[in-house]
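Here the structure comes first, spelled out in structure tokens, and everything after it is commentary.
In what follows, chains carry the letters A, B, and so on, assigned in the order in which the sequence lines appear, proteins first and then strands, with residues in each chain numbered from 1. Please read all numbers here as calculations on a predicted model, not as lab measurements.
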Amino acid sequence: MPEFTPSTTQELSEFLQANAAGERQAFQIVGGGTALEYGCPLSKPVTNIFLKKLNRVIDYPTRDMTITVEAGMTIAELTKTLRAEIQELPIDVPDPKSATVGGILACDVSGPRRFGHGTLRDFLIGVTAVDGLGRTFHAGGRVVKNVAGYDLCKLLIGSFGTLAVITEATFKVQSMPVPMADAWELIGFDDLSQCDAAIANLSSSACRPVAVEVVNQKAARMMAEANEEPFHSTPWGMAVMIEGSEADVHWQCRQLQSEWENLDGRVLHPLRDYRRKTWPPVKPQSTVRVTLPPSKCLNFLEVADAMDVALSAHAGDGVVIGVLPNDSAPSLVQQLREKAHELGGRLTVELCPSEWKKELSVFDQSESTLRLMREIKSKLDPYDVLNPGRLFS
Amino acid sequence: MTAATASAFLDRLREIVGEDGLLYDPAELLVYECDGYVVEKKTPDVVVFPTTTEQVVKIVQTCNEHDVPFVPRGAGTSLAGGCLPIGGGVMIALTRMNKILEVNLRDRYAVVEPGVVNVHLTRHLAGTGFHYAPDPSSQGACTIGGNVATNSGGPHTLKYGVTVNHVLGIEFVQPDGTLTEIGGIVDEPGAYDLTGLFVGSEGTFGVCTKVIVRLTRDPVAYRTMLGVFETVADATHAISDIIGAGIIPAALEMMDQGIITALEDAFHFGFPLDAGAVLLIEVDGLEVSVDREAREIIELCNGRNAREVRTADTPEKRQLLWKCRKQAFGAIGRLSPSYCTQDGVVPRTKLPEILAAITESGNRHGIRVVNVFHAGDGNIHPILLFDERDQDQIRRVMLASDEILSKCIELGGSVTGEHGIGVEKINFMSQLFTEDDLAVMDDVRKAFNPDGRCSPQKMLPTAGACGMEHHAPIEKSHPTRRAAM
Ligand SMILES: Cc1cc2nc3c(=O)[nH]c(=O)nc-3n(C[C@H](O)[C@H](O)[C@H](O)COP(=O)(O)OP(=O)(O)OC[C@H]3O[C@@H](n4cnc5c(N)ncnc54)[C@H](O)[C@@H]3O)c2cc1C
Ligand SMILES: Cc1cc2nc3c(=O)[nH]c(=O)nc-3n(C[C@H](O)[C@H](O)[C@H](O)COP(=O)(O)OP(=O)(O)OC[C@H]3O[C@@H](n4cnc5c(N)ncnc54)[C@H](O)[C@@H]3O)c2cc1C
């Protein structure tokens, strides 16, 4: 079957209906194509469904602070549209020029500012999608508060295209102060107990940072090299982001610096835009994402640092992204996963050589979750035609 | 004798919860014939009061063995009839499972049993620097389990979000008796957001037995204001202006003249009786920003002909302003023997239009309507006043309600912002959703509740369960709704 690039939801719906009634060929859904190797290997031969023609703004009533767009729209385009009205969707997306609205929803992308703003779950209020039987369905709507029916928006976030193809999404957006300001404050530590004290201090600080990032020296060196800019020279660095009106930001930065004076750390000069520069600019070979209770995050960092992993963590949320050394083996992942479990966390393999996936499970879902996921999948995509095997077998 | 009253069945329940955990005397059951939605009534055959998760599991298993339907219930403050035991059977009342199991400030979460009353958690956290953000107006009575099942909102949802934005994980007993945990303190990549899906499922996915909620830091500073306007239209335009200016207040609540009068009669707050509407506005955040935001808000209100904007400059005055908002429902009793609170939502820029439509509908049908609502969210609560002894008034209230909700849909909104569909609004579902939408929702329900034994015939018009006809077993008595509190 040839590849398919629908221009409307209806076209896609008819196509998938015909498929369900006929050949039951399997498909891979492609947004920006930046993360197709994420997840488990597909379990069947697939043809691509490209979303790139579904890239329009459907409705943008700016004063209601909601926007409805098609799922193939790139994040850069969405950001540009919102910026023109001094509004934003505060979700940090790597590679926004390529990544699409559908792609970030399917992968449940979140970045540093989730500490202050939350995740996509907090912003998606309506969705249109086509399931494996070709049924077009909607959930939610265009109002910020709505409890009519099941919240299928939530179901589709993080579903990796295994239940339905998302074709339209409505977000609640935020307006930005004018003039909008942001700043990073950076502090360096010799050991993690100092860092721990600094994070504990944030819980009682008069400031309300939107991001709390902790980076080890190996990661700092990688970022510095890639950006041709000096970074911190201490074993550990903590970068804290402040955002808001100029007056707010100015006051908080001063406040934070004075609070930090009593800590065992060295206040450093931050990078201009730390956020963008924390993403590994060169695609690494193997990365893992570890999610932990926030208070256990530093314990994990300590262990992984000793294993020569480059580490960058959304420490306030307990999310650690680790770039493995190039000569690693799957056994390193196993060791890290065991440590994560010991600390009450989970480890997901984001990127790795494809042969690793034969012996390593990519995800780390609980049995009860998997049981219900299979049940739901069997209802919305009974012939397993959408991204088969991507999340579970 | 039904399966649920058979002595073997009752004996089994008695073994699980003990004699004092069981009600089956018809007189005692009357209390449970309805919740805050009193239009439709049906007594359950049995009410059980489990105190542990294990007991809930056993109760559900027993219901399965005897093919008896069951329905979970919290405090029974639902305004959509969510607790109505359609088809009779067992009502599982969770109010005795009311322990706060854990509070972890460093990781910002608390673990609670479902019967914990919302305000008890708030009180428990007082002084820690953290709070649980969702604060429905019924928070003095309603339970966290009920809040999770209905995805409750409240005055502070404008800035802080509804219940789903504060729930990290759920333990629940599936309708087949399996004990299941979803979500948790830690993110689970590669998992569907089943926790998010469960929130708002109105008791149709199973019985929630434990909730992990997110805790939010207390704001450093507040400014609470009361804007007094000549007309409702001026007040609604001011709302749009405030939000359009990029200020997201922590709360933005509106009360119209009818409510102001009732509140004055009841509590003597000193409100101007001739004002068309008042706005209760609260901003919170850093000390540096609240004053600037408050100044801006006052300017914007003045730009919409506000008569005055009062600022509560002491904590006592702030509390007084909030007290009057939270007691608004209590004061309505003074206006009318019965009332019906509707719950629609529109894009907030459409507030002037919907409010005009509400007035028109009220006039057309000769029904007095007063308004108190979460204006910042576009979530309206027109309160229709009537006398339930007059059948014709009841009919006209129904017509006016219908018109108002249909208008909400027409304006791009929804028929419920926070109270849910329950049995009350089931007929609107096919107006809001297509056949395919409903079929997919029904499929999702079947993944959790394949036999439909748990909360049968709620929320979805398509759900046929246990061979029961929707309306047959319900005694339609008073089409009225008094506040449950
Ligand atoms: C260098 C790099 C670093 C990254 N780091 C992070 C990180 O730290 N944190 C993080 O969260 N993410 C990270 N990502 C992932 C990134 O955010 C994804 O690239 C992005 O979300 C995918 O968008 P896309 O449009 O390119 O999707 P695609 O790559 O096209 O698709 C990704 C997945 O989503 C499915 N999908 C796409 N569109 C739809 C749709 N409309 N409906 C249903 N399913 C669909 C696809 O089938 C596929 O399974 C990183 C990516 C890169 C390249
Ligand atoms: C005066 C008044 C003011 C109100 N104000 C608001 C408001 O501001 N915002 C708002 O959102 N709502 C409001 N409500 C509606 C109501 O209080 C909420 O819906 C509340 O969440 C219900 O909680 P409850 O414990 O009373 O649940 P119940 O009424 O007992 O049950 C509600 C639904 O939840 C299900 N349920 C209850 N417990 C469980 C459980 N443990 N597991 C599974 N399902 C369960 C029931 O089956 C039912 O479908 C108000 C009601 C009144 C009477």
Side-chain angles (χ1 to χ4, degrees), chain A residues 39 61 63-65 86 118 121-122 131 135-139 141-152 154-155 157-159 175-178 203-204 206 208 244-245 247-248 251-252 289 291-295 318-319 344-346 348 363 365-366 368-369 372-373 375-376 379-380 391, chain B residues 105-107 129 150-151 153 157 161-162 164-165 180-182 185-194 196-197 199-201 220 240 243-244 246 286 288-289 292 345-349 377-379 412-418 420-421 429 432-434 436-437 439-441 443-444 446-447 459:
Chain A
R63 284 172 69 87
D64 287 328
M65 295 172 52
I86 326 176
R121 185 208 243 199
D122 302 302
D131 75 2
R135 296 182 293 188
T136 301
F137 64 91
H138 317 78
R142 296 182 191 181
V143 282
V144 297
K145 213 169 156 198
N146 185 1
V147 292
Y150 296 123
D151 193 347
L152 305 180
K154 304 292 185 295
L155 180 62
I157 295 172
S159 66
S175 57
M176 302 159 83
V178 188
S203 267
S204 57
R208 292 288 190 273
S245 70
D248 278 9
W251 182 87
Q252 290 192 74
R289 164 174 291 247
T291 55
L292 298 148
S295 59
V319 177
R346 301 178 189 284
T348 301
F363 294 109
Q365 307 110 326
S366 75
S368 58
T369 305
L372 282 167
M373 285 168 68
E375 206 59 59
I376 296 171
K379 298 282 194 287
L380 269 60
L391 281 182
Chain B
L105 298 179
R106 173 69 200 266
D107 288 335
T150 56
N151 194 15
T157 61
V162 288
V164 72
N165 305 116
T180 298
E181 280 177 47
I182 49 180
I185 301 146
V186 164
D187 275 11
E188 198 175 346
Y192 303 156
D193 182 3
L194 301 173
L197 181 66
V199 176
S201 60
V220 183
S240 278
I243 292 174
L286 303 168
V288 277
S289 43
R292 185 181 38 76
V345 51
V346 294
R348 62 192 139 217
T349 52
D377 301 312
N379 185 191
S414 168
V415 298
T416 171
E418 54 183 27
I421 297 293
M429 288 298 274
L432 267 179
F433 293 106
T434 67
D436 274 350
D437 299 342
V440 170
M441 286 187 196
D443 275 350
V444 168
K446 287 197 182 109
M459 194 192 230

What I want to find out is whether A:Arg135 reaches B:Asp436 closely enough, with some N-O distance under 4.0 Å, to be called a salt bridge. no
Exercise: identify the closest heavy-atom pair between A:Ser368 and B:Thr180: CB-CG2, 3.8 Å
Please flag which part of A:Ser245 lies under 4.5 Å from any non-hydrogen atom of chain B: side chain, backbone, both or neither. side chain
Any donor-acceptor pair under 3.5 Å from B:Glu188 side chain to A:Ser366 backbone: yes
For the CG atom of A:Leu372 and the CG atom of B:Leu197, what is their distance to the nearest 0.5 Å? 9.5 Å
Among A:Ile157, A:Asp64, A:Val143, A:Leu391, which has the most heavy-atom pairs under 4.5 Å with chain B? A:Asp64
Between A:Asp151, A:Val319, A:Asp248, A:Asp131, the one whose heavy-atom pairs under 4.5 Å with chain B are most numerous: A:Asp248
Under 4.5 Å from any heavy atom of chain A - which part of B:Val164: both
Which bit of B:Ser289 comes within less than 4.5 Å of chain A, counting heavy atoms only: side chain, backbone, both or neither? both
Sort out for me which of A:Ser295, A:Gly158, A:Gly318 touches chain B most, counting heavy-atom pairs under 4.5 Å. A:Ser295
Taking every non-hydrogen atom, the tightest pair across A:Val147 and B:Ile421: O-CG1, 4.3 Å
State, to 0.1 Å, how close A:Met373 and B:Tyr192 come at their nearest heavy-atom pair, and which atoms those are. CG-CD1, 3.4 Å
So CG of B:Leu194 and CD of A:Gln365: to nearest 0.5 Å the spacing works out to 10.5 Å
Report yes if the side chains of B:Val220 and A:Arg208 come closer than 4.5 Å at any heavy-atom pair, otherwise no. yes
Greatest number of non-hydrogen atom pairs under 4.5 angstrom with chain B, of A:Gly39, A:Gly118, A:Ser175, falls to A:Ser175
Check whether A:Thr348 gets within reach of chain B through its side chain, its backbone, both or neither, counting any heavy atom under 4.5 Å. side chain
Please classify the contact of A:Ala148 with chain B as side chain, backbone, both or neither, using a heavy-atom distance under 4.5 Å. both
Euclidean distance, A:Asn146 CG relative to B:Asn379 CG, rounded to 0.5 Å: 9.5 Å
Mind ranking A:Gly244, A:Pro177, A:Ser159, A:Gly149 by heavy-atom pairs under 4.5 Å with chain B and telling me who comes out on top? A:Gly149
Contacting region of A:Leu292 [heavy-atom separation from chain B under 4.5 Å]: backbone
Beyond-backbone contact of B:Leu105 with A:Ser203, side-chain heavy atoms, under 4.5 angstrom: no
Taking side chain as everything from C-beta outward and backbone as N, CA, C, O, which of these in B:Thr157 sits under 4.5 Å from a heavy atom of chain A? Side chain, backbone, both or neither. side chain
Heavy-atom contact with chain A under 4.5 Å, split by part of B:Val440: both
Between A:Pro294 and chain B, with a heavy-atom cut-off of 4.5 Å, which part of the residue counts as in contact: side chain, backbone, both or neither? both
How long is the gap from CG on B:Asp193 to CZ on A:Arg121, to the nearest 0.5 Å? 4.0 Å
Counting heavy-atom pairs under 4.5 Å with chain B, which one of A:Arg63, A:Lys154, A:Lys145, A:Gln252 comes out on top? A:Lys145
For A:Pro293, is there any backbone N or O sitting under 3.5 Å from a side-chain donor or acceptor partner on B:Asp107? no
Over all atoms of both residues, closest heavy-atom pair of A:His138 and B:Asp437: N-OD1, 2.8 Å
Taking side chain as everything from C-beta outward and backbone as N, CA, C, O, which of these in B:Asn151 sits under 4.5 Å from a heavy atom of chain A? Side chain, backbone, both or neither. both
Name all residues meeting the ring-ring contact (aromatic ring centres under 6.0 Å, His included) criterion together with B:Phe433; count only those two or more places apart in sequence or in a different chain, and write none if there are none. none
Which heavy atom of A:Thr369 sits nearest to which heavy atom of B:Glu181, and what is that distance? OG1-O, 4.3 Å
Determine whether B:Pro347 and A:Arg142 make a side-chain contact, defined as any pair of heavy atoms from C-beta on separated by less than 4.5 Å. no
Just verifying a value: how many Å separate A:Glu375 CD and B:Asp443 CG, rounded to the nearest 0.5 Å? 11.0 Å
